[in-house]
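What follows is a single structure, written as structure tokens, with notes after it.
Predicted model only: the values in this text are computed from it and were never measured. Along the sequence shown, residues carry numbers from 1. Counting convention: from 1, in listed order, for ligands and their atoms alike.
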Amino acid sequence: MAEKYDCLIIGAGMSGLAAGIRLGMYGKKVCILEKHTIPGGLNSYYKRKSHLLDVGLHALTNFAPKGTRSGPLPKIFRQLRIPYDTFKLSPQVKSKIVFPEHELTFTNNIDDLISEVHQNFPHETDGFLKLIEKIKSHNALSLSDSYLSAKEVVGEYIKDSILKEMIFTPPLIYGSAWENDMDFSQFVIMFESLYLEGLSRPFGGVRTILSSLEEKIKKLGIEIRYRSGVKRIITQDNKAVGVELLNGEILKTDKILSSAGLPETMNMVKEETPTYLTGGLSFTESILILKDRPKTFGADSTLIFYNNDKIYKYQKPKTLVDFDSAVVCFPNNFEKDDLNEGVVRITNIANFKKWDDLDRKSYLIEKEKVYQNSLKLIKKLYPGFNHEVIYKDVFTPKTVKRFTGHLGGAVYGSPEKKKDGTTAFKDLYICGTDQGFLGIVGSMLSGISMANLHVLMGNK
Ligand SMILES: Cc1cc2nc3c(=O)[nH]c(=O)nc-3n(C[C@H](O)[C@H](O)[C@H](O)COP(=O)(O)OP(=O)(O)OC[C@H]3O[C@@H](n4cnc5c(N)ncnc54)[C@H](O)[C@@H]3O)c2cc1C
């Protein structure tokens with residue numbers, strides 16, 4: 001007879017792990033099912049030639065200094081009963097948005113960005129301050145709001161098109177499933193998490209966060225099964241009742257929380273389901289391990305949001321990769337540098353289909369071109385860069401698809417979000433990326449809030 005759970009969670013990414021902990025804390029019989037051998041999903045890690053590399057982590061958003069009581073990060077610590085110090089956070093130094101004729105620096109203190117806007121776009125200072133007030137007063141967590149164009153709302157406050165493009169660059173590349181715009185609530189979440197709260201890095205990288213979550217899971221006795229891909233979600237009378245794993249095993253359950261994505265989850269239900277759009281935004285990333293630290297060639301920022309045009313094209317490129325824009329991350333440049341070597345990560349917007357269509361030989365050639373373009377960009381930004389790269393790796397949209405199952409390698413999932421987590425099937429809920437909260441902090445909060453709403457509160 002198949003075992004029966006209170007809740008099965010599909011995926012051991014940040015949202016699935018957080019949901020599992022929340023349910024385990026309340027004595028629910030839970031099992032987290034992950035098709036890979038390690039946790040983390042889009043934010044995982046791997047080892048190559050003695051180098052431990054993070055997959056997704058540039059920076060943790062929503063920084064809150066120790067002792068802060070309100071905001072997303074303190075809420076995660078409270079709801080999961082994890083002590084603040086466990087994440088060993090080191091704040092960013094400063095980050096830059098670089099356009100052809102303008103640069104804006106921001107830090108974890110919004111006053112720095114206000115004064116940068118004032119210096120570079122004096123006529124926009126008042127509008128920018130009013131925009132901040134609008135953002136602070138907006139309830140971005142409403143589960144019932146429908147899509148509202150952020151560019152339209154922000155356009156009421158910021159008239160200078162270049163400033164507008166610059167302000168939008170980090171929120172778009174760090175969290176939009178929509179091309180060239182985003183839902184206003186999502187923009188508010190990203191604006192607060194990047195500019196009002198700020199960035200930090202856990203000492204030891206993403207493994208520090210994952211080990212603290214895994215430790216909690218172990219302590220609570222929550223079952224977590226790796227190499228356990230879900231092949232099928234079993235439904236009866238329009239209600240989810242269990243899953244079939246890839247090895248044929250059947251598990252019965254009262255409820256399912258799926259972090260696999262909205263279209264991906266619906267594909268697991270064999271009955272007729274509504275169809276959802278697959279996201280079109282994916283990335284390549286070059287990871288360079290350097291002999292020297294970035295400061296030695298003049299790189300003293302944490303992140304650089306680079307754009308070689310007046311307009312920021314946040315859209316699926318027609319070519320394999322869009323080299324006109326990039327995020328350059330220097331993990332050494334947080335207040336404390338815990339790395340044994342110099343590291344640079346360069347992320348570009350890429351086209352999944354183009355990468356997927358390549359044969360093996362061309363795929364490797366194109367990966368090398370991505371790497372060469374990354375070197376070119378570093379050299380352009382820092383002419384003193386001396387190319388002493390001791391190890392390099394490049395991942396592509398195909399890698400994202402292979403390791404997370406997200407269709408189209410869509411890092412931010414489908415443009416259709418299920419803010420209340422419900423699906424066409426009773427007791428089958430979406431958490432994580434396609435519920436609408438992104439990034440490490442956002443997806444953990446999503447897992448927590450969907451577990452609270454649909455399992456702990458009984459979904460009455
Ligand atoms: C290159 C890159 C850089 C990023 N940088 C940052 C950053 O600096 N800061 C930040 O906060 N965020 C960053 N992110 C985003 C962040 O990683 C994600 O938003 C977040 O991790 C999403 O978590 P999730 O739980 O919603 O989904 P996922 O991480 O996608 O987790 C879903 C899990 O479900 C599993 N799964 C899927 N299908 C099945 C199945 N059928 N059966 C069993 N298991 C299944 C997958 O293997 C995966 O482990 C970055 C992402 C990428 C790719």
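- Checking each of Ile440, Val400, Leu438 against Leu42 for a side chain to side chain contact (heavy atoms under 4.5 Å, CB included) leaves exactly one that passes, namely Val400.
- Atom 12 (N) of ligand 1 has Gly439 CA, 3.4 Å as its closest protein atom, hydrogens excluded (heavy atom only).
- The two residues Arg22 and Leu80 come nearest to each other via the heavy atoms N-CD2, 4.2 Å.
- Heavy-atom contacts of Gly40 reach the following atoms of ligand 1: 29 (O) (cutoff under 4.0 Å).
- Of all protein heavy atoms, the one closest to atom 51 (C) of ligand 1 is Val411 CG1, 3.7 Å.
- At a heavy-atom cutoff of 4.0 Å, ligand 1 is contacted by both the backbone and the side chain of His58.
- Counting heavy atoms closer than 4.0 Å to ligand 1, residue His406 contributes side-chain atoms (C-beta onward) but none from N, CA, C or O.
- Per-residue contacts place Ile440 under 4.0 angstrom from the following atoms of ligand 1 (heavy atoms of the residue considered): 10 (C), 11 (O), 12 (N).
- A side chain to side chain donor-acceptor pair (under 3.5 Å) with Lys353 is found for one member of Asp357, Asn351, Asp356 and no other, namely Asp357.
- For the residue pair Asn452/Gln79, the side-chain donor-acceptor check at 3.5 Å is satisfied.
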Worked check of side-chain hydrogen bond (donor to acceptor under 3.5 Å, both in side chains) between Tyr363 and Lys398: CA-CA 10 Å; Tyr363 182 76; Lys398 275 185 81 164; over 6 Å; no

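- A distance of 6.0 Å or more separates the ring centres of Phe203 and Phe334.
- Using a 4.0 Å cut-off to heavy atoms of Ser15, the atoms of ligand 1 that qualify are 24 (P), 25 (O), 26 (O).
- Aromatic ring centres of Tyr312 and Phe99 lie farther apart than the 6.0 Å criterion allows.
- Closest heavy-atom approach to atom 37 (C) of ligand 1 within the set Thr404, Asn43, Leu57: this belongs to Thr404.
- Counting heavy atoms closer than 4.0 Å to ligand 1, residue Met268 contributes side-chain atoms (C-beta onward) but none from N, CA, C or O.
- Taking a cut-off of under 4.0 Å to the non-hydrogen atoms of Thr433, the atoms of ligand 1 that pass are 22 (C), 24 (P), 26 (O), 27 (O).
- Nearest-residue assignment for atom 9 (N) of ligand 1 (options Ala59, Gly409, Ala410; heavy-atom criterion): Ala59.
- With Lys35, Glu34, His36 as candidates, the residue nearest to atom 35 (C) of ligand 1 on a non-hydrogen basis is Glu34.
- Nearest residue to atom 41 (N) of ligand 1 from Leu42, Val230, Val55, Thr399 is Val230 (criterion: closest heavy atom).
- For Phe283, no heavy-atom contact with ligand 1 is shorter than 4.0 Å.
- For atom 1 (C) of ligand 1, the nearest non-hydrogen atom from the set Tyr174, Phe395, Tyr226 belongs to Phe395.
- Residue Leu33 touches ligand 1 through its backbone alone, judged by heavy-atom distances below 4.0 Å.
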